[in-house]
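Below, chain A is the first sequence line, B the second, and so on; all start at residue 1.
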Amino acid sequence: MEYKDTLNLPQASFPMKGNLPKREPEIQAKWEEMKLYQLLQERGRGRPEFILHDGPPYANGDIHLGTAYNKILKDVIIKYKTMRGFYCPYVPGWDCHGQPIEHEVVKRLDPSTAISKIEIREKCRAYAMKFVERQAAQFKRLGVLGDFDNPYLTVNPAYEACNISVFKELYLKGLIYKGRKPIHWCATCGTALAEAELEYKDEDSPSIYVKFPLLDNLPGLSVVEKPISVIIWTTTPWTLPANVAIALSPDFPYVAVETGEEVFIVAKPLLERIEDEIGLEHPRILKTFEAKSLVGMKCGHPWSEDSSIIVLADYVTLEQGTGCVHIAPGHGEEDYLTGLEYNLPSPMVVDDQGCFTEEAGSFAGLNVEEANPVIVSDLEKRGVLVASSSITHQYPHCWRCKKPVIFRATPQWFIAMDKGDNGNSLREMATSAIRKVEWIPEWTINRMSSMLETRPDWCISRQRSWGVPIPVLYCMKCGKEIVSQESLEAIEELIRREGSDNWFTKEPSSFLPEGFTCPHCGSTEFEKENDILDVWFESGISHFAVLREREELNWPADIYVEGSDQHRGWFQSSLLTSIGVEGLSPFERVMTHGFVVDGEGKKMSKSIGNVINPTDVCDRRGADVLRLWAISTNYSTDIPISEEILARTTESYRRIRNTIRFLLGNLYDFKLGEEVEPENMREIDRWMISRTQHLISLVTSQMESWQFHQAIRTLVLFCTVDLSSLYLDILKDRLYTAPKHSSGRKSAQTAIYYILKKLLAIAAPIIAHTAEEAYLSLPEELKESESVHLLPWPEVDEGLIDKALEERLEKLLEVREAAYREIELARKNGTLGSSLEARAKIFADEPYFDLLKSFEKELPEFFIVSQVEVNSMDSVNDKEEIRVEIETADGKKCSRCWNYSAAVGADERYPELCERCVSAMEALSRSES
RNA sequence: GGGCCUAUAGCUCAGUUGGCUAGAGCGCGCCCCUGAUAAGGGCGAGGUCGGUGGUUCGAGUCCACCUAGGCCCA
């Protein structure tokens, strides 16, 4: 046992247990202290730039796995590109305005106390800032490196002002117009409501069937013979005064049914149900036809002189009603879109308080809440009511006053998608611009272009408090809008100087230029637009507000990296503002990743209870485990996570960590200047260095093609297969038992040192903390830098590739495998424990024989057995090219190296040792004396 | 309901333009070692490729439909 002390066993300060939850924050503190980000920026200046422009997460709540995943991906890209020699400033950003924050804030207010817009805005700002801080800390905990001291915030005055500047450019190009669009409206509170402010509850509504008499003849049926009516069904009779059309489905047949003296038109598949509902007598189908043949025909409107026109809409279904849908574009989302499609008028007959306007004729003044029965009885009086009952269904209610809400068209601001000709419209220019963008994965361009194709004009106004104002003034005298270069620049200046709060507190005269008058009537009295900008507009201008404004950045961005929901969101809003102003894309490349789902592929939700929290994972397992998980998955589709997956990832992490630890541990006594020249290295060592070139080459190409999960696979395989189970296992004997300063041991250490450096550099972008910790654990003089993140990415050294050697050794690997199968059999027979107890008798033909012979001396080391004997194959009896027989090794077990040797006992001084160990002991005593 | 996408061993992934008995690592089982030790090594067992039908001499790999799931829209 005392011989153990004469061995060179590994010594390392790098512990086997990562204890990441504790150690990572320490490493991060060190990065902060050494100002690693700033250091990287300074060193990067002057290099080619690679700009990843951060999409701003919403400053509401803590980060979740989706945001964590996104940031990790970005961080890996930036760390990688930095090592590749690019200058990669990374400015994280936050989206701070918007309805969800305002809603959270307002929810906490005492509803009985009046509060001003400016007070709400103050509270919103504080709320947003709180979460910016929290999220920043959470992102840093993931190991994300960036300019967190100077992030971009959409509430910064300069950022806000940029909105006005972009609005100005678009407005002056004629791309912004004022129109109308239906929105959810609470008549009781007199406010617009967002989807999140609706509470769906059961509500009793009327259910009525109404005749719209057809004014045109159907082919083969004349209205003169018997009156023909299209039957509609609705649960909102009060919207009937605003009816302009009836929509039919293009997907199923319609019938004309005779009943008594009348003919009704309804969807054929619904006929039976309708018969039950309205009690038709002796119905008889006169004719079946496609909806297409009715399009454009006119029907009489119950009250209006204008008729109702028949159109097609694919949202018409067979679930309820008659297949003939009453369309009031001023009072329904789908109705509105159909109205746009067919260029229909959109009468809006209800005012802010929910009362009918003059447009509603005799119903003027009536509140919609009370209107339904009045309208129903009027319909009955007019003889167009076919049936009436009531229905209980889910209906939206105001979150605040709990009253049912209505849908109501209100004035809104829009960006026109189709204005301009000869391919100059926003839609066309955007569609052509995205063809020049690199989409990762490639198919995502399809998604993007189909969304661009179908999107309606962009409604950029919101009836809210927490945001950037729409910079429009109205003349108090003539009532006209005032939007001019001059007024816009004055507003932009105001906001740039003092922030957008001032819009709400200051009088227009205080910020408009001296002598500014209404361009229409010359008046000097103005009022301000109340609406604010859609937050998508705000985040959509980030490329201007950040890339253009910040000195270290550049427009356009090299890459945007976001989840697949951003095809409709940020990718699109950014593209549109950019196309509108510059005619160019703001990004050269767009990488999209999927959504994080659970182990079953289901989305994460609190109600299912499958939510995994990234901060928890950091606290329990460590950020590097999360980073390893993130990078191990294929981001192009859904990204699964579960406790099992994390457990597997942790195991994989441990394997990498231990491999690194072993390498480090055997370098404790390695010094600069002790490196062995390649030509003097042992073949096995040169072989591994040669293989390392392939590792570098493969990983680099995988990273370059954005296949990060392949790259980490390659790295893990290298650690487990090439290193741990093969090379390092073989190396132990030499590292431990050879004399400390022998060329054999130094050859091994040279290889290990070389491989470790490459390994840590490759691992650095991914397991950023572990790579750093390991790098800093190197003996002082072996460190070439203060941080692994300051190292360059490894490059392939062609001179170190030895193709012939690789081929030879890989051939020998096959023999090694054959030998191990035999060794295993011997173990099962109980004749063998350690492989060192074995003597391998190899019988080989070509191509193995010469190869084995040429390598005969190294074979015991390579096979980790005590003796190897190479014989030519007894070709009479054997069919295989190679056969291995395992027998017990000759001689006795050496107490020091555990190899078996006939020479054990030959030396009187060291009767328990083999010849190698005897000389090792001699060397040791020489060096000691 | 529509658009885009996904579905290969328990887990994460490979499987070029359709062509030998579908691969890897991890995990698992058994075994060895105890000088990487809450480590290390060996051997081995697991999929017929979500389902159905089709094209083809031949399909995981092309087509259609279905099922499950994701994002976006309705």
Side-chain angles (χ1 to χ4, degrees), chain A residues 1 3-12 14 16-17 249 251 313-319 333-334 337 441 443-451 453-456 563-569 572 592-603 628-629 632-634 636-642 644-652 654-655 657-666 707 709-710 712-714 716-721 724-726 728-733 735-737 816-817 819-828 830 832-837 864 896-898:
Chain A
M1 207 52 188
Y3 285 115
K4 182 172 178 179
D5 303 329
T6 70
L7 297 173
N8 303 303
L9 295 178
Q11 303 175 13
F14 185 73
M16 184 185 308
K17 263 195 86 181
S249 167
D251 300 328
D314 51 18
Y315 51 80
V316 176
T317 68
L318 295 171
E319 275 165 35
E333 176 79 30
E334 290 174 328
L337 292 172
W443 53 260
T444 56
I445 191 176
N446 298 337
R447 199 173 144 93
M448 192 70 198
S449 58
S450 80
M451 283 180 177
E453 248 168 62
T454 56
R455 72 153 300 147
S564 59
D565 54 336
Q566 302 305 335
H567 286 118
R568 177 160 297 273
Q572 205 176 118
T592 316
H593 57 79
F595 270 60
V596 179
V597 294
D598 72 9
E600 260 77 59
K602 299 264 171 58
K603 72 163 101 183
L628 190 58
W629 158 76
S632 304
T633 60
N634 179 351
S636 69
T637 176
D638 305 334
I639 304 142
I641 192 167
S642 65
E644 184 190 359
I645 291 168
L646 283 171
R648 290 296 94 82
T649 309
T650 305
E651 278 153 10
S652 184
R654 274 206 284 266
R655 179 59 95 112
R657 186 178 176 93
N658 249 318
T659 304
I660 291 170
R661 175 168 178 270
F662 184 82
L663 296 172
L664 272 172
N666 285 291
Q707 298 295 307
H709 68 294
Q710 311 273 40
I712 191 66
R713 258 179 91 65
T714 303
V716 170
L717 281 181
F718 187 76
C719 284
T720 58
V721 180
S724 190
S725 75
L726 181 63
L728 300 182
D729 206 30
I730 290 171
L731 226 49
K732 282 176 202 164
D733 179 77
L735 282 167
Y736 299 172
T737 69
R816 191 177 191 262
E817 280 164 25
Y820 270 101
R821 277 191 293 273
E822 293 304 316
I823 287 173
E824 196 57 30
L825 280 178
R827 274 195 192 116
K828 291 275 145 80
L832 201 70
S834 163
S835 59
L836 285 177
E837 292 165 29
I864 319 185
R896 185 165 173 277
C897 72
W898 296 347

Discussion item. Check this for me: does the side-chain of A:Arg713 come within 3.5 Å of the base of B:A24 through a donor and an acceptor?
Written reply: yes
Discussion item. Checking contacts here: which listed nucleotide (B:C32, B:U37, B:G70) is nearest the side-chain heavy atoms of A:Arg661?
Written reply: B:U37
Discussion item. Distance to the ring centre below 6.0 angstrom and angle to the axis at most 45 degrees; does that hold for A:Arg657 and A:Phe14?
Written reply: yes
Worksheet item: How long is the line joining CZ of A:Arg568 and C1' of B:G2, in whole Å?
Response: 12 Å
Discussion item. Looking only at the side chain of A:Thr637 (C-beta and beyond, no hydrogens), which of the listed nucleotides B:U6, B:G40, B:C32 gets closest?
Written reply: B:U6
Worksheet item: Can you check the A:Glu824 CD to B:C30 C1' distance for me, whole Å?
Response: 8 Å
Discussion item. For B:C28, give the paired nucleotide (Watson-Crick: N1-N3 plus N6-O4 or O6-N4; G-U: N1-O2 and O6-N3; both under 3.5 Å), or none.
Written reply: B:G44
Fill in: A:Asn634, nearest nucleotide to its side chain (from B:G3, B:A36, B:A14)
B:A14
Worksheet entry | Nearest to side-chain heavy atoms of A:Asn446, which nucleotide of B:C30, B:C4, B:G35 | B:C4
Practice prompt. Check whether the aromatic ring of A:Trp898 stacks on the base of B:G35, taking stacking as ring centres less than 5.5 Å apart and planes within 30° of each other.
Written response: yes
Fill in: Under 3.5 Å donor-acceptor pair, A:Arg447 side-chain atoms to B:C71 base atoms
yes
Discussion item. Quick check for you: among B:A38, B:C71, B:U12, whose closest atom lies nearest to any side-chain atom of A:Ser632?
Written reply: B:U12
Worksheet item: Of the candidate nucleotides B:A39, B:A36, B:G42, which contains the atom at the shortest distance from the side chain of A:Arg654?
Response: B:A39
Discussion item. Quiz question: going by heavy-atom distance under 3.5 Å, is there a donor-acceptor pair between the base of B:A36 and the side chain of A:Ser724?
Written reply: yes
Fill in: Nearest-angstrom distance from the residue atom CZ of A:Arg816 to P of B:G42
7 Å
Fill in: Along RNA chain B (nearest heavy atom to each residue), the more 5'-positioned of A:Glu644 and A:Asp638
A:Glu644
Worksheet item: Between B:C5 atom P and A:Met451 atom CE, what is the distance in whole Å?
Response: 11 Å
Worksheet, complete the sentence: Walking RNA chain B from its 5' end, the first of A:Tyr820 and A:Leu717 to be reached, judged by nearest nucleotide, is A:Leu717
Worksheet item: Which listed nucleotide (B:C13, B:G42, B:G25) is nearest to the side chain of A:Lys828?
Response: B:G42
